[in-house]
Amino acid sequence: MFETLEPRPNDAIIEIMQKCKADTREHKIDLGVGVYKDDTGETVILKSVKMAEEMWCREETTKTYVGTTGNQNYCDDMLSLILGADHPVITEGRVGASQTAGGSGALRLGAELLKVVAPDATVWASTPTWANHIPLISSAGLKMGSYPYYNRETLGVDFEEMLDYLDQNAKRGDIVLLHGCCHNPTGADLSSAQWDRLAPFMLERGLFPYVDLAYFGLGRGKAEDSYGLLKLIEILPEVLLAGSCSKNFALYRERTGFIAAITQTSEKADIAKSQFGAIQRKIISMPPDHGAAIVTRILRDESLRKVWEGELDDMRGRMRDLRLLLSEAFNVQGGEAMSRAVKDQNGMFSTLPLSPQQAERLRSEHAVYMMNSGRMNIAGANADNIPRLAEAILAVL
Ligand code: LMR
């Protein structure tokens with residue numbers, strides 16, 4: 001049976017993660033995979049999570065199944081956190097949601113739902129986009145296309161080109177995949193003014209928004225990070241939202257995410273939820289519970305919630321501080337464009353104008369690991385190694 005089976009290469013992110021792990025040089029700098037690291041280079045379990053887990057361990061009485069749409073309290077809590085508990089789509093019951101196996105599970109479940117309602121639609125993704133967006137969404141059988149987004153010379157968003165391209169190429173009923181905040185891999189987000197233009201543009205052209213909000217809370221702050229999503233919900237009748245607690249609760253391996261369909265009526269929201277359940281049943285049956293139980297515990301307990309909010313602020317603040325340090329180091333060493341970009345960009349990632357060969361030289365000559373595309377995870381640096389990092393990048397450019 002397996003005689004004809006050929007090995008498949010790893011996805012680029014996993015490949016760099018493994019290469020860095022195997023490098024024994026002590027001074028290596030790991031800017032590869034998108035996980036938050038503290039000053040010592042560790043990805044620690046949040047204190048709020050540890051405390052919630054201890055409580056949950058004492059309280060949990062059963063491991064029986066939760067159901068195909070998972071923990072609904074978790075979905076409600078995350079939606080209230082992101083949209084505000086008194087948002088009309090929540091009070092009017094116009095959100096149908098399911099817990100999922102991480103943000104990737106959310107993206108796939110959302111794509112499967114889109115395949116049911118719009119089998120001939122094209123899903124348009126930014127150039128570039130997260131390496132796994134295209135495999136995850138196209139595996140549901142949907143066609144995909146790319147719109148211009150990041151300009152590797154200006155290191156900013158080509159917003160007019162994005163609108164022109166969608167205007168010329170996307171047809172009514174097509175889907176536009178948008179990064180709600182902390183664009184992965186570039187860190188270049190739309191400004192509030194650009195979201196204000198994008199939402200009516202999409203309404204006029206009959207385009208449907210599919211928002212990936214995997215990095216909520218890690219950009220500029222909770223209100224800023226949900227601005228684009230809220231604008232889309234305000235202007236457009238329907239939105240699909242994929243969320244994750246991998247980064248903001250540091251629950252990576254617990255695979256904790258959700259998918260939410262914001263619909264025009266509460267009846268349609270119930271139907272969307274039943275579809276999520278039926279689709280999830282045939283792919284993985286039911287999502288894992290532990291991460292969702294922990295998030296709910298944290299968000300429903302005033303003191304735990306405060307601890308988590310502080311931890312989220314710390315993670316976001318540390319990445320902002322590192323951005324400022326790197327920006328300063330680039331500036332001092334003559335890298336003005338990169339200096340401006342890393343300061344203006346948001347979240348974990350920036351994409352620097354490196355070729356794959358230059359990224360390889362960074363690895364072999366300087367023990368600095370970033371993606372061949374030039375994507376770096378700023379959280380992997382620290383105040384001590386930032387000057388060396390800037391020097392190494394400028395040396396290979
Ligand atoms: C990343 O972009 O590095 C993260 O989202 C991890 C992953 O699964 O790719």
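When reading the values below, keep in mind they use all heavy atoms of this one structure, side chains included, and skip hydrogens, waters and symmetry mates. We number each residue from 1, following the sequence as shown.
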Same cluster (ILVMFWY, side-chain, under 4.5 Å), [X] and [Y]:
| X | Y | result |
| --- | --- | --- |
| Leu240 | Leu203 | yes |
| Leu236 | Phe208 | yes |
| Val35 | Ile45 | yes |
| Leu324 | Met348 | no |
| Val89 | Ile235 | yes |

* Would you confirm whether the ring centroid of Tyr227 sits within less than 6.0 angstrom of the ring centroid of Trp195? => no

* To do: Given ring-ring contact (aromatic ring centres under 6.0 Å, His included), test Tyr150 with His183 step by step and report yes or no.
  => CA-CA 10 Å; Tyr150 190 60; His183 185 270; 7.4 Å; no

Quick test of your reading of the model: are [X] and [Y] salt-bridged, counting only N-O distances below 4.0 Å?
| X | Y | value |
| --- | --- | --- |
| Glu238 | Lys268 | no |
| Glu234 | Lys231 | yes |
| Arg305 | Glu309 | yes |
| Glu160 | Arg197 | yes |
| Asp225 | Arg220 | no |

Has the side chain of [X] got a donor or acceptor atom that lies under 3.5 Å from a matching backbone atom of [Y]?
| X | Y | value |
| --- | --- | --- |
| Lys143 | Asp120 | yes |
| Ser80 | Ala85 | no |
| Gln72 | Ala97 | yes |
| Gln280 | Gly277 | no |
| Gln99 | Asn71 | yes |
| Asp174 | Lys171 | yes |
| Tyr149 | Ala188 | yes |
| Gln264 | Ala269 | no |
| Asn377 | Val33 | yes |
| Thr296 | Ala293 | no |

Any side-chain donor near an acceptor of the partner, [X] and [Y], under 3.5 Å:
| X | Y | answer |
| --- | --- | --- |
| Asp189 | Ser191 | no |
| Tyr147 | Asp164 | no |
| Asn184 | Arg375 | yes |
| Ser246 | Ser244 | yes |
| Arg281 | Ser285 | yes |
| Ser126 | His133 | no |
| Thr100 | Arg108 | no |
| Ser350 | Gln345 | yes |
| Arg363 | Asn372 | yes |
| Ser48 | Glu311 | yes |

[Y] side chain reached by [X] side chain, heavy atoms, under 4.5 Å:
| X | Y | result |
| --- | --- | --- |
| Arg388 | Asn385 | yes |
| Leu178 | Leu198 | yes |
| Asp77 | Val295 | no |
| Met338 | Pro353 | yes |
| Lys343 | Arg323 | no |
| Leu83 | Leu230 | yes |
| Lys28 | Cys20 | yes |
| Asp158 | Tyr165 | no |

Euclidean distance, [Y] [atom2] relative to [X] [atom1], rounded to 0.5 Å:
| X | Y | atom1 | atom2 | result |
| --- | --- | --- | --- | --- |
| Met370 | Thr351 | CE | OG1 | 9.5 Å |
| Leu312 | Lys222 | CG | NZ | 6.5 Å |
| Asp212 | Leu241 | CG | CG | 8.5 Å |
| Leu31 | Ile29 | CG | CD1 | 6.5 Å |

* **Identified salt bridge (Lys or Arg N to Asp or Glu O under 4.0 Å) partner of Arg297 from the options Glu53, Glu302, Glu59** => Glu59

* Asked: Taking only residues two or more places apart in sequence or in another chain, which ones pass side-chain contact (heavy atoms from CB on, under 4.5 Å) with Arg318?
  -> Tyr36, Asp39, Leu322, Ala379, Asn382

* Sequence neighbours excluded, which residues qualify as side-chain contact (heavy atoms from CB on, under 4.5 Å) partners of Ser339? -> Ser327, Phe330, Asn331

* Please assess Asp270 against Lys273 for the test salt bridge (charged side-chain N to carboxylate O under 4.0 Å, His left out), listing each intermediate value before the final yes or no. => CA-CA 5 Å; Asp270 291 345; Lys273 182 177 149 191; over 6 Å; no

* To do: For Arg300, look at atom CZ and say whether over 12 heavy atoms of other residues, nucleotides or ligands are found less than 6.0 Å away.
  => yes

* Can you establish whether the number of heavy atoms outside Leu394 located under 6.0 Å from its atom CG is more than 12? => yes

* Take the angle between the ring planes of Tyr215 and Phe349 and call it parallel below 30°, perpendicular above 60°, tilted in between. =>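 Rings of Tyr215 and Phe349: perpendicular, as their planes differ by over 60°.
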
Closest approach of [X] to [Y] (non-hydrogen atoms, all atoms of both residues):
| X | Y | result |
| --- | --- | --- |
| Thr43 | Lys37 | OG1-CG, 3.7 Å |
| Thr62 | Thr64 | OG1-N, 3.0 Å |
| Thr256 | Ala292 | CG2-N, 3.6 Å |
| Tyr252 | Gly34 | CE2-O, 4.0 Å |

